[in-house]
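Down below is the structure, laid out as structure tokens.
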Amino acid sequence: MATEKDGNLGSGSRGVGAQKVCLPKDAESGALSPAGLRVSGFNSVCQGTHILFREFSFIQATPHNRASFLRAFWRCFRTVGKNGDLLTMKEYHCLLQLLCPDFPLELTQKAARIVLMDDAMDCLMSFSDFLFAFQIQFYYSEFLESVAAIYQDLLSGKNPNTVIVPTSSSGQHRQRPALGEASMLEGVEASLFYQCLENLCDRHKYSCPPPALVKEVLSNVQRLTFYGFLVALSKHHGINQALGALPDKGDLMHDPAMDEELERLLVQVPGLVNSVSASPEASCLPSRTPPRVASPWRPLHHSRKVDAESDGSTEETDESET
Amino acid sequence: MIPGKYRSVSGRATNNVNCGLHLVIQTSSLPEKNKVEFKLNKETSSFPGRLLQHDLERNYSSRQGDGRVISPSPRNKSSCISSTTNVTELCGLEMKTAMSSLSAFGDSSTQTPSKSRMRQGCHSAGPNVSGDHINLVSSSMPSFPILQRSSEEKILYSDRLTLERQKLTVCPIIDGEEHLRLLNFQHNFITRIQNISNLQRLIFLDLYDNQIEEISGLSTLRSLRVLLLGKNRIRKISNLENLKNLDVLDLHGNQITKVENVNHLCDLRVLNLARNLLSHVDNLNGLDSLTELNLRHNQITSVRDVDNLPCLQRLFLSFNNISSFENVSCLADSSSLSDITFDGNPIAQESWYKHTILQNMMQLRQLDMKRVTEEERRMASVVAKKEEEKKRESHKQSLLKEKKRLTINNVARKWDLQQNRGANIPTNQDRKDSDSPSQDPCPIDGSTISAFPEETGSLDSGLISALQGLSVTDTHLVEVDGDTLSLYGSGALESLDRNWSVQTAGMVTTVSFSFIEFDEIVQVLPKLKIKFPNSLHLKFKETNLVMLQQFNALAQLRRVDQLTVDPQGNPVVNFTLWKYYVLFRLSHFSMQKINGTEVTQNDMIMAERLFGILAHVASSELPQYRMISILGDTRKKQFQYLLETKGKKPGITSEENNDSKRLTGENTNRATLNYTTRDFYNEKLEEIKEKKKFCKMYIEDLVKEATEINMKNEALQKLWPQMFIELVRDAVIEIRNKNSYMKLCLQQITDQK
């Protein structure tokens with residue numbers, strides 16, 4: 001972890017350096033001395049706000065940047081999820097693009113595929129489903145590509161340990177459905193799969209989930225499919241915690257500081273009467289009284305948190321693959 | 001009132017004058033000769049035309065005592081023949097006039113039959129009014145009475161025979177009267193024309209008011225010139241083949257539905273078909289001498305073939321069912337027609353009636369019995385000219401419309417092609433299904449459009465005057481219609497560079513974009529802002545709006561009250577959040593309507609709830625150096641102000657602060673949410689790359705330089721002790737001989753002074 005931190009600090013300072021070039025003309029305005037700017041730059045790296053509106057290459061450059069982006073996304077659009085809206089992949093992609101104008105569609109599609117199991121890409125997803133799937137896909141994207149290759153090799157009966165990490169993701173998509181049909185028993189054996197993954201984690205230069213947690217995920221089942229594995233990963237709160245960007249699923253809609261800020265903003269809405277400020281609770285939206293239905297699967301993973309404040313997501317796409 | 005040229009010698013005949021008899025039957029000055037002459041030439045009469053014409057259905061008007069009846073018109077050139085008909089018709093309806101018309105033939109008195117001796121030999125014959133002049137004798141054939149006149153009668157009136165009101169049901173056999181030229185069967189009950197085939201010299205046959213159902217038995221009467229069959233039961237015009245000399249044919253008051261079998265009557269001058277059942281008039285060719293055609297009181301809706309009548313002067317179409325001039329348009333082609341009536345037709349009720357008729361028939365002298373004055377004619381031509389202009393204008397308009405439609409189709413097709421080419425871009429997939437209407441196969445291609453070039457020239461000139469700026473080309477279309485500026489196709493965006501008149505530019509409040517990439521529109525928004533400062537309503541259709549962030553670009557406009565984004569070609573509208581995002585991002589405009597629906601306060605709150613945090617995060621958590629680079633120079637002041645107030649009152653964003661923020665227009669916290677088009681964005685990325693590269697090079701140079709300096713320094717450090725020793729040694733050697741050194745020094749001092 002320490003090396004990663006160094007890396008991202010380096011990336012942060014590089015960013016500042018790049019900006020500095022155009023700064024001299026701003027120097028005369030007292031607040032913006034180069035030193036002050038540098039300090040604020042470093043601070044923003046620490047807070048994870050340096051990735052706002054940056055280009056995609058910057059955002060994905062380091063694990064810290066990725067985590068910061070995930071957190072920023074959650075913070076900015078938590079309200080969308082709270083409102084209970086179910087959105088399509090494209091719409092989530094638009095939201096991502098609000099924060100990162102050149103965010104590639106491919107990543108969003110992959111994340112949506114984890115939620116929707118590839119069958120109907122135009123389906124609606126709940127915010128939390130998408131967010132956790134997106135987290136796995138975005139943060140571990142290189143790792144997942146390697147895993148996909150390993151999975152393919154296992155399916156086709158090759159010796160996985162000699163696998164060379166592939167770079168092409170498109171080939172994987174082409175093959176997968178055909179292979180899924182071919183094998184009578186869907187998926188691969190979990191233990192064998194884990195061995196390969198462990199091996200991979202050892203030599204993988206990109207970040208990967210803690211092997212212990214992967215083992216935990218895989219130990220529950222005999223066989224599993226690739227997407228089953230991804231779904232399990234995305235719903236594993238331990239991995240979420242290890243990643244550290246997002247709160248637990250139960251707390252996903254909870255951000256009191258921001259809610260407070262939002263209330264303050266609402267008062268300023270132009271032409272608005274004071275009735276808004278009279279609304280009793282910050283989290284309660286006027287137009288919708290959310291039908292909070294506890295989802296069927298959540299207690300399995302988060303038995304300690306029976307959330308009165310769920311996002312109202314429909315779990316249509318969530319088959320517990322375990 | 002007696003027409004000067006009336007030449008009837010018979011004193012009794014003068015009674016006739018008030019009937020307006022034009023047919024001059026010139027009995028010789030010696031009545032004994034009994035010579036009847038028909039003067040059936042056109043130029044004969046200068047008779048009161050008014051009376052005649054007007055009296056075609058005479059009975060009514062004369063009864064009503066219409067003043068016009070009596071006043072003679074010296075200008076009238078109507079032929080004498082026409083008057084004959086008139087008179088005859090008249091007779092049928094009114095006893096008195098009928099009598100007088102008969103008197104035209106020389107021997108008339110009001111007691112017509114008095115001079116003929118009839119011997120009643122038949123039961124069917126009515127009471128013989130005058131008794132002993134005419135004897136009807138039963139012949140050997142029991143059904144036909146035989147007519148015999150006394151030799152005295154015969155001598156006196158050898159060429160005429162009048163059997164009026166004899167209650168005849170059949171034609172009597174007329175014996176020994178081969179010289180008869182005039183035969184009158186008026187007011188009988190005859191059902192069939194018979195027994196007159198031997199009267200081959202007959203010129204005048206009057207069967208008015210009988211019960212004849214078919215024209216027959218006339219084939220031998222080759223010299224017949226006047227045939228009067230009014231008020232009978234004839235259904236069909238037929239069996240006139242041999243009557244080549246027929247001059248007057250009166251068939252009024254029958255049940256004829258069709259004009260037929262008259263084409264050989266090349267000498268016919270008067271044809272009366274009034275009060276029949278005609279609905280269409282045609283098949284008139286061959287009637288080369290026809291000067292008067294009476295078609296009143298039918299059910300005529302259309303008239304054709306009139307232009308094939310070279311001599312036609314008077315046409316009476318009163319009381320029919322003509323409703324438009326198109327149905328009688330052949331009249332305009334007749335050069336001889338000088339007198340026409342349309343009264344009692346639907347067409348006569350129309351406001352355009354008079355001037356249309358006059359305009360189309362310049363040769364007309366009388367319309368509906370009234371003389372056409374010069375003034376009227378002038379008025380008509382003025383009105384017609386105006387109408388013509390209007391028509392041309394509307395034609396122009398429709399042409400324009402058509403052209404516009406074609407162009408839009410063309411633009412749409414191009415757009416579709418363009419979109420399909422880029423269809424592998426997944427964002428465009430939605431369009432295909434939503435597009436189907438615009439993909440209608442339109443058979444227009446470049447060639448069709450270029451078929452219009454001539455019109456284009458004339459159009460443009462007319463256009464400017466019509467205050468409708470419009471430039472049409474194949475690839476794009478710009479249109480200003482009232483307060484709406486419509487742009488079709490990306491080429492249309494260039495029109496924003498044009499010099500728009502202040503008035504036009506000021507009037508435009510709605511700007512509509514179709515078939516243009518939104519990214520291209522973004523680039524002209526600053527121009528739009530300057531050129532059309534009053535534009536409040538933006539419409540987007542087929543503009544490839546796919547992302548929420550694209551709406552950020554609209555924030556730079558001055559005002560937007562309404563936004564309409566057509567779902568067609570704009571997938572973003574399918575998003576549930578798009579409306580709220582627009583409201584949020586463009587909240588400084590206080591939008592009134594989005595896609596036609598009123599924006600409510602709840603919408604505003606919702607928008608703020610959904611995206612307020614985004615704005616907050618964007619403004620408060622963005623590092624300062626980023627903020628500056630994003631906002632650019634224009635916003636810097638604003639931002640600094642924000643910073644200052646924040647610095648003064650940390651933690652509390654006071655009301656005044658909010659107010660000032662609001663005053664400055666767009667909320668600063670939203671300003672960071674902007675949209676750069678993809679090309680521009682890539683450019684920016686390139687630029688950043690370049691800058692990074694430059695920095696790297698610069699630093700590398702610096703490092704290199706520093707290293708060199710350092711190396712030199714190190715080398716110097718190494719050499720320095722040795723050098724120092726050398727220096728000291730030199731100095732010591734120099735001062736070893738104290739005296740000489742002192743001397744030298746003193747010497748130097750003195751030298752200096």
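Every value quoted in this text rests on a predicted model; they were computed, and no experiment measured them. Residue numbers begin at 1 in each chain, while the letters A, B, ... track the order of the sequences.
A/F134 and A/F103 have their aromatic ring centers within a separation under 6.0 angstrom.
Residue B/Y681 touches chain A through its side chain alone, counting heavy-atom pairs closer than 4.5 Å. Proximity to chain A (any heavy atom under 4.5 Å) is shown, for B/L548, by both the backbone and the side chain. For chain B, the nearby part of A/T88 is the side chain; its heavy atoms alone come within less than 4.5 Å. Interface remark: A/L99 contributes side-chain atoms only to the contact with chain B (heavy atom separation under 4.5 Å). With a 4.5 Å cut-off on non-hydrogen atoms, B/Y581 touches chain A through its side chain but not through its backbone.
Under the side-chain hydrogen bond (donor to acceptor under 3.5 Å, both in side chains) rule, B/T564 has a single partner from B/K593, B/K541, B/H537, which is B/H537.
Side chain of B/N570 to main chain of B/L545: a donor-acceptor pair is present (N/O by atom type, distance under 3.5 Å, no hydrogens or angles).
Between the side chains of A/N65 and A/H50, at least one donor N or O sits under 3.5 Å from an acceptor N or O.
Checked against side-chain hydrogen bond (donor to acceptor under 3.5 Å, both in side chains), B/T600 has the following partners two or more places apart in sequence or in another chain: B/D603. Scanning for salt bridge (Lys or Arg N to Asp or Glu O under 4.0 Å) contacts around A/D102 gives an empty result, with sequence neighbours left out.
For the set B/Q550, B/K696, B/Q549, the count of heavy-atom pairs under 4.5 angstrom toward chain A peaks at B/Q549. Annotation: maximal heavy-atom pairing with chain A below 4.5 Å, among B/L577, B/N682, B/V572, B/L685, occurs at B/L577.
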